[in-house]
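Worksheet: the structure to be examined is printed underneath.
Labels below follow one simple rule: chain letters A, B, ... track the order of the sequence lines, proteins then strands, and each chain is numbered from 1.
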Amino acid sequence: MDLSPVRVRFAPSPTGRMHLGSARTALYCYLLARRTGGTFILRIEDTDRKRYVEGAEQELIDGLHWLGLDYDEGPDIGGPYGPYRQTERREIYQKWADELVERGRAFHCFCTPERLEQVRQEQQKNKQNPRYDGTCRDIPLEEARRRAANGEKHVIRFKMPREGQTKAVDVMRGEITWEYSQLDDTVLLKSDGLPTYHLAAMVDDYEMKVTHVIRGSEWLSTFPVHVNVIRALGWPEPVWMHLSVFLKPSGKGKMSKREAAEAVKDGHSIFVMDLKDLGYTPEGVLNWIVLMGWGVAEDDVMSLDDMINRFTTDNLNPSPAAINFAKLDHFNGTHIRLMQADDLAGRIKPFFEREGYRVDNAKLLKIVPLIRERLVTLDDCIPFAGFFFKDDVSPLPQDLLAKDLSPAQSADVARKALAILEALPEISHPSAEPPLRQFVEEAGLHPNQVFGILRVAVTGQKVSPPLFESMEIIGRETVLARIRRAVDMLSGL
RNA sequence: GCCCCCAUCGUCUAGCGGCCCAGGACGGAGCCCUCUCAAGGCUCAAACAGGGGUUCGAGUCCCCUUGGGGGCACCA
């Protein structure tokens with residue numbers, strides 16, 4: 001791979017929520033830019049005002065920031081080639097559309113949408129490929145300009161050659177060939193004066209000196225249109241990469257709305273900002289998506305910096321990839337375990353607060369080592385450690401029963417353990433474990449029978465962080481009070 | 001229907017003609033550790049879609065078939 005500095009852009013349209021596919025495209029753009037010491041640009045492709053969604057641009061920006069994919073030029077921070085929002089660049093597209101018309105490579109088309117729709121249906125009925133029928137293709141330029149000047153509604157279409165073939169190179173796939181007979185006179189400028197993607201993106205990439213285009217493979221079919229527009233204008237061609245699509249977990253087809261909803265049901269989502277709320281970390285998400293379409297032989301746990309150092313366009317994978325949420329869970333848990341205690345504490349604190357707990361930082365820092373290797377997502381801190389911040393716990397009586405022991409026997413065990421702990425001036429891991437273990441042994445019980453009762457008594461739950469460490473954090477008086485209460489409950493069974 | 005793309009374990013992938021009776025990771029199974037749940041360690045099962053070529057030799061190159069995906073808008 002050539003390592004000279006690139007200029008790449010992530011160019012989403014603000015028409016919906018930021019999903020995994022966008023995130024991966026952005027990530028690869030970012031990696032290539034950072035790897036080569038190049039520039040990463042954010043450009044908003046908002047030329048479709050019908051599909052424009054309020055707030056979508058902000059979610060895109062938030063998503064990139066959350067993931068840590070900082071861009072060097074963009075709508076909110078500016079840059080030398082702005083503006084970076086296409087609706088703010090209309091005159092530029094106008095100018096180049098005119099240039100194409102001037103060069104005889106584009107033409108005014110006055111056909112109404114209704115007529116075109118009719119033609120399309122006719123063609124389909126006759127089993128022909130739907131395509132522009134060329135009605136306005138040969139209107140003399142002066143006449144066309146006169147009609148346009150008179151305010152007649154029109155679009156500008158690219159005048160695609162009628163015969164022969166055209167070729168273009170995608171780095172992942174090599175050379176691709178199309179017959180011109182299969183290509184259409186694509187609309188470049190809409191009747192509202194705004195450009196379509198096919199013009200806008202090419203113009204902006206040229207004006208913004210983009211050297212490498214990384215985009216989704218849904219653009220592969222219009223790829224020949226794009227290279228023809230660029231060549232008609234005599235512009236230098238960027239390096240092209242069309243990333244594979246993400247398939248739903250079953251591998252059968254693209255992620256659908258229904259599928260997306262299904263994912264949410266079991267705690268997952270294909271939307272970046274949902275993942276944040278669900279307790280996923282940028283590290284986990286990034287590590288997960290970077291490996292979908294780009295493979296490494298070994299050592300697949302990577303930080304963003306690792307990815308930058310290792311990324312290369314040489315082994316990008318063109319085949320579609322099925323989304324596998326189990327793998328996200330794995331990477332998320334792995335990165336959580338890799339975090340420094342204070343870092344992790346800072347990240348789970350908002351999740352406790354979201355549940356309404358008042359969080360003491362010093363206490364939180366003591367809890368982190370106890371739960372770190374148990375968290376798959378950050379919000380798992382609630383089931384594992386929520387009780388640390390509760391004034392009281394409410395164990396289920398039947399949960400207090402030890403395996404193979406009657407209520408009376410369980411109560412007896414609890415009473416004896418209580419006595420042992422009451423004899424201690426303070427309850428800590430080192431002070432509490434030896435005498436309790438000794439008791440277990442002398443009583444001929446299984447450790448779990450004794451510790452299980454205490455766990456439920458003290459934490460209120462059957463699954464918890466390690467018992468002695470937990471008791472130490474909770475504190476002697478509270479621990480004793482809770483065990484006394486458990487003794488009472490057991491006696492009443 | 002037409003055009004284009006893709007094809008290695010269930011999934012994500014390594015492999016760019018001999019280093020591969022195919023490596024890693026997730027998931028699965030088993031064992032160990034163990035106060036619960038995890039984490040961790042060890043072990044196992046699991047793939048080159050099929051058929052033709054090319055070559056001394058093919059997962060790797062070519063063709064066909066099959067399967068999958070994307071697209072066929074005044075949407076991106």
Side-chain angles (χ1 to χ4, degrees), chain A residues 11-16 45-48 50-51 109 111-113 116-117 120 124 127-131 153-157 170 172-173 176-179 181-184 186-192 194-198 200-201 215-224 242 244-245 247 249-254 288 291-301 314-315 317-331 333-334 337 371-376 380 383-384 433 436-437 440 446-456 459 461-468:
Chain A
S13 61
T15 52
E45 311 222 325
D46 56 351
T47 56
D48 185 349
K50 289 193 214 75
R51 291 202 305 155
C109 172
C111 300
T112 63
L116 293 171
E117 183 51 36
R120 231 189 318 270
Q124 268 166 2
K127 297 224 189 294
Q128 290 170 300
N129 292 327
R131 206 158 25 225
K153 272 229 166 206
H154 68 280
V155 301
I156 303 289
R157 286 180 185 272
D170 169 274
M172 303 160 65
R173 294 162 245 261
I176 305 172
T177 306
W178 296 265
E179 296 292 331
S181 62
Q182 297 294 334
L183 269 24
D184 209 350
T186 315
V187 172
L188 262 23
L189 207 61
K190 297 179 273 187
S191 57
D192 63 2
L194 282 169
T196 60
Y197 174 92
H198 314 297
R215 52 172 13 178
S217 67
E218 63 269 25
W219 295 112
L220 223 36
S221 59
T222 44
F223 187 16
H242 294 89
S244 63
V245 291
L247 270 26
S250 64
K252 305 265 180 221
K254 267 209 296 198
W288 179 47
L291 260 6
M292 298 179 71
W294 176 66
V296 294
E298 246 129 283
D299 301 324
D300 61 357
V301 175
D314 294 342
N315 50 6
N317 194 146
S319 42
I323 288 173
N324 180 188
F325 288 113
K327 205 153 185 168
L328 168 61
D329 286 343
H330 163 255
F331 278 121
T334 300
R337 270 170 257 131
I371 61 173
R372 179 165 31 201
E373 61 271 16
R374 285 163 239 271
L375 305 181
V376 171
D380 283 343
F384 275 114
E433 182 164 7
L436 284 173
R437 288 227 178 253
V440 166
H446 185 88
N448 197 30
Q449 291 175 302
V450 177
F451 301 153
I453 294 173
L454 294 178
R455 178 191 318 288
V456 175
T459 70
Q461 47 198 59
K462 297 177 86 166
V463 173
S464 83
L467 179 62
F468 305 110

Task: Residue pair A/H242 / A/R173, side-chain donor-acceptor N/O under 3.5 Å - done: no
TODO: Indicate, with a heavy-atom threshold strictly under 4.0 Å, whether A/D314 touches base, sugar-phosphate, or nothing.
DONE: nothing
Task: Interatomic distance where CD belongs to A/Q182 and C1' belongs to B/G1 [whole Å] - done: 11 Å
Open item on the list: Distance check, P atoms only: B/C63 and B/C4, in whole angstrom units.
Closed with: 13 Å
- [ ] Take A/N324 and A/L328, find for each the nucleotide of RNA chain B with the closest heavy atom, and name the residue whose nucleotide sits nearer the 5' end.
- [x] A/N324
Task: Gap in Å between the two P atoms, one belonging to B/U43 and one to B/C16, rounded - done: 26 Å
Task: Value in whole Å for how far the P atom of B/C3 lies from NZ of A/K127 - done: 15 Å
TODO: Find the partner of B/A7: check Watson-Crick (N1-N3 plus N6-O4 or O6-N4) and G-U wobble (N1-O2, O6-N3) distances, both under 3.5 Å, and reply none if neither fits.
DONE: B/U66
- [ ] Measure across A/H198 and A/T186 and return the closest heavy-atom pair with its distance rounded to 0.1 Å.
- [x] CD2-CG2, 3.4 Å
Open item on the list: Using a 4.0 Å heavy-atom cut-off, does A/T177 contact any base of the nucleic acid, only the sugar-phosphate backbone, or nothing at all?
Closed with: sugar-phosphate
TODO: Please state the C1' separation for the pair B/C20 and B/G52 - nearest whole angstrom.
DONE: 24 Å
Open item on the list: Output one letter per nucleotide in nucleotides 66-76 of chain B: B when a protein non-hydrogen atom lies under 4.0 Å from the base, S when only the sugar-phosphate is that close, - when neither is.
Closed with: ---SSSSSBBB
Open item on the list: Heavy atoms only, 4.0 Å cut-off, all strands: where does A/D329 land among base, sugar-phosphate and nothing?
Closed with: nothing
- [ ] Scan nucleotides 29-47 of chain B nucleotide by nucleotide, 5' to 3', and note B when protein non-hydrogen atoms come under 4.0 Å of the base, S if they reach only the sugar-phosphate, - if neither.
- [x] ------BBBBSS-------
Open item on the list: Can you check the distance between B/A39 and B/U34, where both ends of the measurement are the C1' atom (answer in whole Å)?
Closed with: 11 Å
TODO: Between B/U13 and B/A46, how far apart are the C1' atoms? Round to whole Å, please.
DONE: 15 Å
Open item on the list: So A/G333, base contact, sugar-phosphate only, or nothing? Heavy-atom distance under 4.0 Å.
Closed with: nothing
